[in-house]
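Single-structure report; data block below.
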Amino acid sequence: MILRKLADAIREQNWSTVILEILIVVVGIFIGLQVDGWNEGRIKQQDIEVQLLRIADDAAVLIAETDLLIVDYDNRIARAQIALEVLDGTPLTEANTPAFERALEESYQLNEIEIDLPGLD
């Protein structure tokens, strides 16, 4: 339909109609490209927001796991202090025996871990 009007306007040499029709087509294409670019930008922004939420969730999980590890290592350090005190001559009592035994078990577990560091063969 637009092509027929354009062809008729060219045959009649109605240049204002020709220019108007071409301008309408160009403006329509330009608006379509702008809307497409806006939509792509909006989709990219949504993807970024989703990724940031995932990163925040992962960070929260890692922080919680790290807090648990800190508590665990604080407990191990306290038990190791008791074990060192007992090994240095503090008498073994009913109160410090479980911590002493647990510290020894943990030290044996650490000794079973094999660490492979490059360049130290």
Side-chain angles (χ1 to χ4, degrees):
M1 175 147 180
I2 291 176
L3 290 177
R4 187 180 318 150
K5 283 184 182 180
L6 187 59
D8 290 343
I10 290 173
R11 271 190 230 115
E12 295 172 8
Q13 293 187 353
N14 190 352
W15 298 113
S16 61
T17 304
V18 171
I19 291 172
L20 184 64
E21 293 289 331
I22 291 174
L23 188 63
I24 289 172
V25 171
V26 169
V27 168
I29 291 172
F30 178 74
I31 290 173
L33 290 173
Q34 290 297 321
V35 168
D36 186 51
W38 170 79
N39 191 39
E40 285 181 18
R42 188 181 57 81
I43 290 171
K44 284 181 183 178
Q45 184 63 32
Q46 286 177 343
D47 289 343
I48 289 171
E49 290 172 3
V50 167
Q51 293 297 325
L52 287 174
L53 288 174
R54 288 180 183 166
I55 290 170
D57 289 344
D58 290 347
V61 168
L62 289 173
I63 289 170
E65 289 174 355
T66 303
D67 289 343
L68 291 174
L69 285 173
I70 289 170
V71 169
D72 182 52
Y73 283 119
D74 286 344
N75 291 335
R76 288 178 183 229
I77 289 170
R79 289 190 296 267
Q81 287 290 348
I82 292 171
L84 283 174
E85 290 170 3
V86 169
L87 292 173
D88 279 341
T90 302
L92 196 58
T93 63
E94 286 184 32
N96 64 10
T97 298
F100 176 74
E101 291 173 351
R102 180 73 188 263
L104 289 179
E105 289 173 11
E106 289 170 350
S107 70
Y108 289 133
Q109 290 172 356
L110 288 176
N111 289 335
E112 293 175 3
I113 296 174
E114 292 184 22
I115 300 174
D116 184 26
L117 297 176
L120 296 178
D121 294 330

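Positions are given from 1 along the sequence. What you see is a predicted model, and the numbers here were worked out from it, not measured in a lab. Because only heavy atoms are used, hydrogens play no part in the values below, and waters and symmetry mates are left out as well, while side chains stay in.
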request  = Drop me the distance from Y73's OH to T66's OG1, to the nearest 0.5 angstrom.
outcome  = 11.0 Å
Joint cluster assignment, I31 & L23, ILVMFWY side-chain distance < 4.5 Å = yes
task = Drop me the distance from Q81's CD to L84's CG, to the nearest 0.5 angstrom.
result = 6.0 Å
query = What are the two closest heavy atoms between A99 and I82, and how far apart are they?
reply = CB-CD1, 3.6 Å
task = Report the residue from E101, E105, E106 that forms a salt bridge (Lys or Arg N to Asp or Glu O under 4.0 Å) with R79.
result = E106
inquiry  = Quick check: closest heavy atoms across T93 and N96, and the distance to 0.1 Å?
reply    = N-OD1, 2.6 Å
ask   = Are I19 and V27 connected, step by step, through hydrophobic side chains (Ile, Leu, Val, Met, Phe, Trp, Tyr) whose heavy atoms are closer than 4.5 Å?
value = no
inquiry  = To the nearest 0.5 Å, what is the distance between CD1 on I70 and CG on N75?
reply    = 12.0 Å
key: Approximate separation, where rounding is to 0.5 Å, of L68 CG and I63 CD1   = 12.5 Å
ask   = How long is the gap from CG on D74 to CG on L69, to the nearest 0.5 Å?
value = 10.5 Å
task = Please round to the nearest 0.5 Å and tell me the distance separating atom CD1 of I43 and atom CG of N39.
result = 4.0 Å
ask   = Charged N to carboxylate O below 4.0 Å: is that the case for R76 and D72?
value = yes
ask   = Is it true that K44 and E40 have a side-chain N and a carboxylate O under 4.0 angstrom from each other?
value = no
